[in-house]
Amino acid sequence: MIKLLARLLRVLNSETEPGQLSLGLCFAMIVGLTPLLSLHNLFVLLLVFILRVNLSAFLLGLALFTGMAYLLEPLFHLLGLTVLTAPSLEGFWTSLYQSVWWRLEHFNNSIVMGSLVFSVSMFVPVLLLSNILIRRYRQHVLVWVQKTRIMQMFKASKLYQTYETFSSWRPG
Amino acid sequence: MTKWIRWWGLGVFVVFAGIFGCVWIFLVDGWVKNLIEGAGTKAVGAQVELDAADLSLFPAGLSLTRLQVTNPRKPMTNAVEVANVTMGLDGLNLLRRKVIVEEMALEGVRLGTLRTTSGAVKLTPDVPSEAEPGMFSLALPALEVPDVKNILEKENLETIRLIEALKGDVEREKEAWEARLKELPGKAQLAEYKERVKSLKKAAKGGLEGVLGGVGEGQALKQDIEQEIESLIGAKKEFEEKLALLRTRFDQVKTAPQRDIQHLKAKYNLSPKGLAHVSQTLLGPQIGSWVHQGAAWYERAKPFLEGGLAGGGEDGPQVSKPLRGKGVDVHFQEVHPLPDFLIRLTKVSISLGAGDLAGTIHNITTDQPTLGQPITLAFSGDRLKGVQSVSLEGMLNHVVPADSKDHLIVQAKGYELDNLVLSKDDKWPVTLASGVSDVNLNADLKEQGLTVHGIGNFHSLQFSAGKDGDTNPLTKSLSSAVVGVSEFSVQANVTGTLEQQEVTVSSDLDGILQDAAGKMVNELAAKFGTELQSAISAKIAEPMQQLQNNLVGFEEIAGQITERVTQHDAVLKSLLEKSLPIKGLKDLPGGLKLPF
């Protein structure tokens with residue numbers, strides 16, 4: 001637990017670009033919120049590995065969003081069903097339904113469709129928002145936090161020593 | 001650009017994908033095995049087991065080794081056991097989540113094999129088997145005249161019941177009418193009327209004033225007498241109706257002994273009618289049992305024949321029933337719709353004790369409406385041991401589930417019969433020592449309506465019937481008739497529904513047996529009838545006499561009423577004939593009548 005917390009702090013405070021952290025979180029949002037064994041997740045994983053996305057942020061985000069997915073399932077079901085049964089989109093879905101790959105994607109499932117629509121539509125807002133938040137944290141909160149008495153005490157603790165150990169590792 | 005790309009990540013991805021693929025290939029056979037066993041067990045209601053499953057990807061195919069399907073009614077027996085199942089899968093459609101098999105081969109199919117362990121899903125003992133052929137007891141007519149005295153002592157005769165009931169009713173009616181007689185006009189009223197007539201006569205002699213006063217009194221007297229006569233006539237009519245009803249019941253009592261005799265003759269089996277339905281008694285329950293078994297298997301298969309719509313219809317997307325945590329699948333119309341599961345051709349080779357039966361089944365699917373074609377099957381076997389040829393053709397048409405039509409034709413030629421026990425009755429055992437039969441069976445199921453018509457022609461027959469040293473003339477006569485039979489035919493018809501059927505079986509054997517025993521049984525029945533007639537007549541003589549006396553006593557009431565009517569009539573007549581003031585005033589104005 002201490003190691004995990006240390007890793008989180010290290011990720012937040014490392015020299016990696018805020019964009020790389022945010023992108024990791026956003027990719028995690030897609031994989032975490034949508035059913036894991038979906039064809040689109042294979043593509044997302046490929047992007048996670050190829051792009052210089054922060055893997056720790058991705059893994060932490062994955063744990064976070066997978067938990068959230070269970071809570072949001074009723075919403076995804078309703079959203080997916082609404083999208084799939086919208087009369088204006090019926091022709092479009094029918095054409096996709098003829099394709100083997102789209103059938104393999106299981107796009108016609110209400111939860112797959114609902115969670116995918118939700119996570120993709122939230123991708124850019126979450127990316128921008130997390131970018132801003134990370135920058136502000138580093139500019140304002142981090143400096144202030146390091147000066148506090150509690151932080152001074154914390155730096156003397158075992159947890160911080162573990163964090164320091166992780167900090168000596170080079171980010172991916 | 002390179003700031004955002006890490007090429008070694010691609011390698012990691014490939015390695016991960018490779019490891020995942022290897023694990024999947026390693027585990028998929030077990031997964032398929034468990035899937036088939038689980039789905040099969042759920043469908044059959046008893047264990048479905050596989051020794052092994054082997055899924056190949058290039059080309060896509062599946063082979064199963066030793067598939068065992070437990071008979072749910074007999075958990076220690078397999079309904080079907082298949083040594084090998086091989087099938088080629090349509091890989092492209094498999095990616096679309098559709099299992100399409102172009103051709104499947106089932107080799108080494110055996111029926112009714114024994115299991116080493118119970119295949120029951122829940123702990124249930126083997127259901128006792130239906131009555132085996134030969135377990136039936138023939139309803140033979142009685143072979144001697146029963147003791148009439150004993151019978152009458154324990155039997156509740158309808159005649160006696162009717163007599164007692166009628167006697168009670170006659171007594172009640174008699175009491176009621178005697179009470180009513182007291183209320184009806186009688187001697188007291190007659191005396192009063194005579195007094196009033198005398199008064200009128202005096203008034204007539206009292207001059208014009210007396211005459212005028214007597215006119216009104218005369219009219220009133222006449223009306224009173226007429227009213228009472230009417231009430232007496234009404235009572236008499238009512239009484240006569242009641243009496244007629246009691247007499248009708250009395251006539252029914254007179255014919256009741258004949259009904260008692262018929263009832264007792266039938267009860268003590270002194271009628272050759274039982275022999276007219278020997279084939280029904282022998283074969284009816286067995287045929288009913290076969291139909292029940294077939295119906296039970298059909299009911300299990302029916303949900304799969306009429307599976308839900310897989311593709312979107314013309315009315316727009318179809319939404320499947322939601323599953324918790326799984327969402328729902330919305331189906332859209334397909335350009336080339338296919339069911340989720342389809343085996344276009346199945347080649348089956350069934351190993352029977354008598355040899356092999358080979359056949360094909362086309363279009364096995366859970367979704368006939370989407371495929372638009374019914375399941376058809378055809379099996380045949382030639383030169384089997386003990387059978388010249390067997391063929392089976394059928395069609396299960398559920399393309400329109402609301403208008404399903406299933407059809408099955410079975411033909412067997414030259415089926416050799418050997419030591420078939422037809423009756424284990426102690427009095428008259430019958431065994432078909434040898435023979436040959438040709439059987440044709442047509443079964444139709446249209447929606448819920450079941451119709452089965454079967455014909456069996458038996459020839460080259462050799463029977464053994466009766467016991468050695470049998471002295472009973474009836475069974476001896478029957479045995480002689482049966483042993484002489486070399487051929488006969490049986491017609492069986494089953495109508496009704498899958499839940500409830502009526503089986504009727506007829507055979508020319510019925511007529512042969514009835515002819516052989518009919519005369520003898522009729523003579524016994526006539527003797528029994530005569531004895532019963534005498535005994536019943538003696539038993540009912542006294543009650544009948546009592547009843548008759550009661551009726552006569554009751555009829556006397558009619559005489560009393562008639563007498564009262566006559567007496568009232570006489571008073572009225574004397575009133576009219578003796579020139580009393582009611583006469584002669586008809587010409588006066590205002591309806592007044594003068595006495596001259």
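We name chains A, B, ... by the order of the sequence lines, and we start the count at 1 in each one.
Of all heavy-atom pairs spanning Ser110(A) and Gly327(B), the tightest one is OG-CA, 3.4 Å.
Looking only at distances, a side-chain donor or acceptor of Asn108(A) sits under 3.5 Å from a matching main-chain atom of Val330(B). Not one N or O on the side chain of Glu334(B) forms a donor-acceptor pair closer than 3.5 Å with the backbone of Gln98(A). Counting only distance, with no hydrogens or angles, the side chain of Arg52(A) and the backbone of Arg6(B) share no donor-acceptor pair below 3.5 Å. Remark: the backbone N or O of Lys326(B) is not paired with any side-chain donor or acceptor of Glu73(A) at under 3.5 angstrom.
Residues passing the side-chain hydrogen bond (donor to acceptor under 3.5 Å, both in side chains) test with Glu102(B), sequence neighbours excluded: Arg344(B).
Crowding of Leu71(A) atom CG: a count of heavy atoms from other residues, nucleotides or ligands under 6.0 Å exceeding 12.
Among pairs with a residue in residues 18-49 of chain B, none fulfils ring-ring contact (aromatic ring centres under 6.0 Å, His included), at least two apart in sequence or across chains.
Atom CG of residue Leu96(A) and atom CZ of residue Phe332(B) lie 8.5 Å apart, to the nearest 0.5 angstrom. Note that OH of Tyr97(A) and NE2 of His331(B) are 5.0 Å apart. Values are rounded to the nearest 0.5 Å. Taking CZ of Arg103(A) as the start and CG of Asn93(B) as the end, the distance is 9.0 Å to the nearest 0.5 Å.
Using non-hydrogen atoms only and a strict 4.5 Å limit, the part of residues 38-49 of chain A facing chain B consists of Leu42(A), Leu45(A), Leu46(A), Val48(A), Phe49(A).
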Throw together a table of side-chain donor-acceptor distances under 3.5 angstrom for residues 116-131 of chain A, partners on residues two or more places apart or in other chains.
unit_1: Ser119(A); atom_1: OG; unit_2: Ser115(A); atom_2: O; d: 2.8
unit_1: Ser119(A); atom_1: OG; unit_2: Leu116(A); atom_2: O; d: 3.2
unit_1: Ser121(A); atom_1: OG; unit_2: Val117(A); atom_2: O; d: 2.7
unit_1: Ser121(A); atom_1: OG; unit_2: Phe118(A); atom_2: O; d: 2.8
unit_1: Ser130(A); atom_1: OG; unit_2: Ser22(A); atom_2: OG; d: 3.0
unit_1: Ser130(A); atom_1: OG; unit_2: Val126(A); atom_2: O; d: 2.6
unit_1: Ser130(A); atom_1: OG; unit_2: Leu127(A); atom_2: O; d: 3.1
unit_1: Asn131(A); atom_1: OD1; unit_2: Gly19(A); atom_2: N; d: 3.2
unit_1: Asn131(A); atom_1: OD1; unit_2: Ser22(A); atom_2: OG; d: 3.2

